[in-house]
**Q** 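Let me begin by handing over the structure; questions about it come next.
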Amino acid sequence: MSSETEVVTYEVRGPVAVITMNRPDFRNAQNSKMTYALDAAFVRAVEDAAVKVIVLAGNGKHFSAGHDIGTPGRDHDAHYENKAALWWDHVDRTGGDQRFARETEVYLGMCRRWREIPKPTIAMVQGACIAGGLMLAWVCDLIVCSDDAFFSDPVVRMGIPGVEYFAHPWVMGPRAAKEFLFTGDRFGAAQAEKWGMVNRVVPRGELEAETIALAEKIATMPQFGLALTKKAVNQAEDLMGMRSGMDSVFGLHHFAHAHNAEVGADSLGGMNAKTMKTAAAEQNGSK
Ligand code: ZN
């Protein structure tokens, strides 16, 4: 059984640190507790000189179903010490002030912080990789996925233009990004590979061995050289507009949250995990 006390596990295998999201009963839905446990694990791996490469995994059938919008462990109102952003705490704030403070820290800020980890990171993805789950995979340098993996960002159904870490046009190309977002559909591993969104697709039974083998191969390269190379590619990606693009879209994202809150029940357009699922089923049933 999964333990709510250990929402992330940490293991070192030779030169590779394996950091595993551990809420399998909730398809590794990411709450704040998990966010800060992930951050602590990444810091540990960065500070351990013997760790050369970091693998991010999800325990169970699925990598991650996204941000926690409905499990018993949902903790979006809880206090935490900001790590990614120099901003005030969201807890005693209201409206857009609260949402902006929270999402600047736990979503956009944390993802950017993790993208800049000075060691190569590999996402090892199986099953669902949805919405907030995409953000976790996308911040990694490489993505190895199993043939049963599927990807989707259905938050347009909430009236919101995609998840907070808006990397879509850069990780799959603008036209694919539009189809991905406009339909909210699930796309399989083969399609993701065609778009260039993942590095490798392997049979489910070989996912772990293939990912670790790739990590071990990279681990033989000089550590500082890898860090500089990672920075070089990230800088090039930012020069292709990713960083400033994401900043501008973060404004649209918050405009959408605020619009939802102004005209409807809440900032998510009255949607939750269950109604999102029903809406997707209806959309696909009425084709
Ligand atoms: Zn949001």
Side-chain angles (χ1 to χ4, degrees), residues 21 26-36 38-39 64-71 73-80 82-85 87-115 128-139 151-171 177-178 180-182 184 242-277 279-280:
M21 296 179 276
F26 303 109
R27 302 197 298 166
N28 295 318
Q30 185 192 346
N31 55 11
S32 296
K33 190 175 180 186
M34 181 189 277
T35 302
Y36 288 93
L38 281 172
D39 192 68
S64 173
H67 297 143
D68 189 340
I69 57 169
T71 84
R74 189 181 189 200
D75 57 359
H76 63 300
D77 291 331
H79 167 76
Y80 42 73
N82 281 4
K83 286 263 175 66
W87 202 265
W88 49 72
D89 184 27
H90 71 293
V91 168
D92 294 326
R93 303 281 165 162
T94 54
D97 185 356
Q98 181 185 60
R99 279 190 298 272
F100 191 80
R102 179 167 175 275
E103 297 201 345
T104 295
E105 162 68 12
V106 297
Y107 295 155
L108 185 58
M110 273 297 178
C111 283
R112 281 181 164 166
R113 176 172 154 91
W114 298 339
R115 174 177 175 255
C129 182
I130 297 175
L134 293 168
M135 294 169 47
L136 295 170
W138 288 346
V139 298
F151 304 87
S152 85
D153 183 352
V155 311
V156 177
R157 215 165 265 135
M158 298 172 170
I160 299 169
V163 288
E164 291 81 5
Y165 185 83
F166 193 79
H168 316 57
W170 290 272
V171 297
K178 285 176 181 169
F180 192 72
L181 287 161
F182 290 177
M242 189 164 94
R243 189 176 179 89
S244 53
M246 268 192 209
D247 279 331
S248 71
V249 177
F250 196 59
L252 298 178
H253 181 96
H254 277 271
F255 175 57
H257 274 315
H259 172 74
N260 283 343
E262 188 181 351
V263 303
D266 60 43
S267 67
L268 301 182
M271 301 298 269
N272 57 38
K274 204 176 159 205
T275 53
M276 287 288 279
K277 210 173 167 181

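Counting starts at 1 for both ligands and their atoms, in listed order.
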**Q** Using a strict 4.0 Å threshold on nitrogen-to-oxygen distance, state whether K33 and D68 make a salt bridge.
**A** no

**Q** Quick one: does D153's side chain have a donor or acceptor within less than 3.5 Å of a partner on G162's backbone?
**A** no

**Q** Output all residues satisfying side-chain contact (heavy atoms from CB on, under 4.5 Å) with T275, sequence neighbours left out; order by chain, then residue number.
**A** M271, N272

**Q** Is the closest side-chain heavy-atom distance between F151 and F180 below 4.5 Å?
**A** yes

**Q** Who are the side-chain contact (heavy atoms from CB on, under 4.5 Å) partners of D39, not counting sequence neighbours?
**A** V43, K83, M110, R113, W114

**Q** Excluding waters, how many protein N/O/S atoms sit closer than 2.8 Å to the Zn ion (ligand 1)?
**A** 5

**Q** Listed by chain and number, what are the ring-ring contact (aromatic ring centres under 6.0 Å, His included) partners of Y80, not counting sequence neighbours?
**A** Y36, H90

